[in-house]
Student: 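First the structure, which I've put down as structure tokens, then a few questions once you've had a look.
Here is the naming used below: chain letters follow the sequence lines, and residue numbers restart at 1 for every chain.
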Protein chains: 2
Amino acid sequence: MLVQKSVKKNVKGSVRQANYGKIIKAAVTVFATKGYQGATVQEVAEKAGLPKANVLYYFKSKQGIYEAVLSDILSLWNSSFDHATAQDDPAVALSRYIREKLEISRTYPEASKIFAMEMIKGAEQLSDEIKAGMVSWFQSRIAIIQQWIQDGKMANVDPAMLMFQIWATTQHYADFSAQISILKDGKMLNKKGFQDVGDYLCRSILSSCGLKVPE
Amino acid sequence: MLVQKSVKKNVKGSVRQANYGKIIKAAVTVFATKGYQGATVQEVAEKAGLPKANVLYYFKSKQGIYEAVLSDILSLWNSSFDHATAQDDPAVALSRYIREKLEISRTYPEASKIFAMEMIKGAEQLSDEIKAGMVSWFQSRIAIIQQWIQDGKMANVDPAMLMFQIWATTQHYADFSAQISILKDGKMLNKKGFQDVGDYLCRSILSSCGLKVPE
DNA sequence: GTCTATATAGCGATAGAC
DNA sequence: GTCTATCGCTATATAGAC
């Protein structure tokens, strides 16, 4: 969990840090289950164990809390695929990425949900800085996949469609967990269930790239 | 667009029907872009071209409008897969279903978004009746896929994972259109773009089922 | 059936005592 | 730095004139 640094170097610095953390953690849960408009500062405060006014003392507005939550989430989403290169084996790099994305869906489903809702509503509260970061990351990953294709390491698939396919299928297990639970008679997917999904998705996605799942 | 029947058989029935339709249509747009809590009856009324009080005269509460929108959406989501049987060719049935789901994402992205948000937030506003309908539909489709597998018509893949994969990948193009637009430099996917996605997804999903895309 | 005017409640945000 | 009390606003919902 990313915790913003205190500007003042007083003895209460640790209190500030702890409160920041508590507020962010509470806010993630509330925003994920209620959405931005449905969330209330009061509920965040209760979950964090602080009076509402204190929450608005640390973050001066509800919008401020939300923005802090969004950047906190981003810090969780680093993956091995960030450092993939054209020299890597696409089968290894892609299957690792699929499994990592799925693991994030399992361990931080709320983060995935908040981002999903932000996108669904049109990403209007997403800062230009974050958007620019997404674009440059995406373009560099696309370039690597294109190089793999040129080098004959994998089949000629549209790299953007491949990325969207990976995101859609892995995030689905976080975002639509309620639907999965309904359809599976209330049973949530456990760790073993996610392992099976990972095996399935790797086989499926890699096979359409003309690749075999490593080992 | 499903339009609820007037209970009274008066001469104004057509006015009532027209207003119902206008309100639902407006509400779909507002709920999709703002979420349930973010939507206001005022905005729905403005989009529908009616005074706010009239909207609350037809539907007695905001919740009532929302429920009407949800059931209206469901009526849009009938597909050829509803009537697929164990006698059908899985390659034909699945590829048709994928293309239909994708076409719905293209033509009714707002409906997909409203449902996605409802699921993300935990489906707490979804009626038990709707949930039960989803479960029975799902189980019957799973049974058909299992029969196809038993009959050796397709590879042994988990039918539930296959369904989730189809939903995730097709709905992604509606729900995450803002993200796609950001990453593709503001360019929205046109009809041709969706055609390409359909080709890609059919190839990919069918190949992991050991099937070939028909003709 | 339709619309204006309003009751009521809950929100984000702040002022000011401690 | 912390908390109580409250302001000002906006939302849903309704009462009642037409």
Student: Round to the nearest Å and state the distance from Lys60(B) atom NZ to dG1(C) atom P.
Tutor: 16 Å

Student: Take atom CZ of Phe59(B) and atom P of dG1(C), then tell me their distance rounded to the nearest Å.
Tutor: 13 Å

Student: Return the residues of residues 32-47 of chain B meeting this criterion: a heavy atom under 4.0 Å from some atom of DNA chain C. Order them by number, or give none.
Tutor: none

Student: Is a donor on one side and an acceptor on the other found under 3.5 Å between the side chain of Gln146(B) and the backbone of Pro159(B)?
Tutor: no

Student: Respond yes when some side-chain nitrogen or oxygen of Asn54(A) is under 4.0 Å from OP1 or OP2 of dC3(D), and no when none is.
Tutor: yes

Student: Could you tell me how far apart Asn19(B) (CG) and dC3(C) (P) are, to the nearest whole angstrom?
Tutor: 9 Å

Student: Would you tell me if any nitrogen or oxygen in the side chain of Tyr57(A) comes within less than 4.0 Å of OP1 or OP2 on dC3(D)?
Tutor: no

Student: Rounded to whole angstrom units, what separation is found between the CD1 atom of Ile65(A) and the C1' atom of dG12(C)?
Tutor: 10 Å

Student: Indicate whether the side chain of Tyr200(A) and that of Asp158(B) have a donor and an acceptor atom separated by less than 3.5 Å.
Tutor: no

Student: Drop me the distance from Leu126(A)'s CG to Glu124(A)'s CD, to the nearest 0.5 angstrom.
Tutor: 11.0 Å

Student: Can you tell me how far apart OG1 (Thr169(A)) and NZ (Lys101(A)) are? Round to the nearest 0.5 Å.
Tutor: 9.5 Å

Student: Working to the nearest 0.5 Å, report the span between CG of Asn19(A) and OH of Tyr57(A).
Tutor: 10.0 Å

Student: Could you tell me how the ring of Phe31(B) sits relative to the ring of Tyr36(B): parallel (under 30°), tilted (30 to 60°) or perpendicular (over 60°)?
Tutor: parallel

Student: Taking CG from Leu56(B) and C1' from dA11(D), how many angstroms apart are they, rounded to a whole number?
Tutor: 11 Å

Student: Expressed as a whole number of angstroms, how long is the span from Tyr66(B):OH to dA11(D):C1'?
Tutor: 18 Å

Student: Please tell me which of the listed nucleotides, dC3(D), dA13(D), dT2(D), lies nearest to the side chain of Lys52(B)?
Tutor: dA13(D)

Student: Would you indicate, yes or no, if dG1(D) has its OP1 or OP2 atom less than 4.0 angstrom from a side-chain nitrogen or oxygen of Tyr58(A)?
Tutor: no

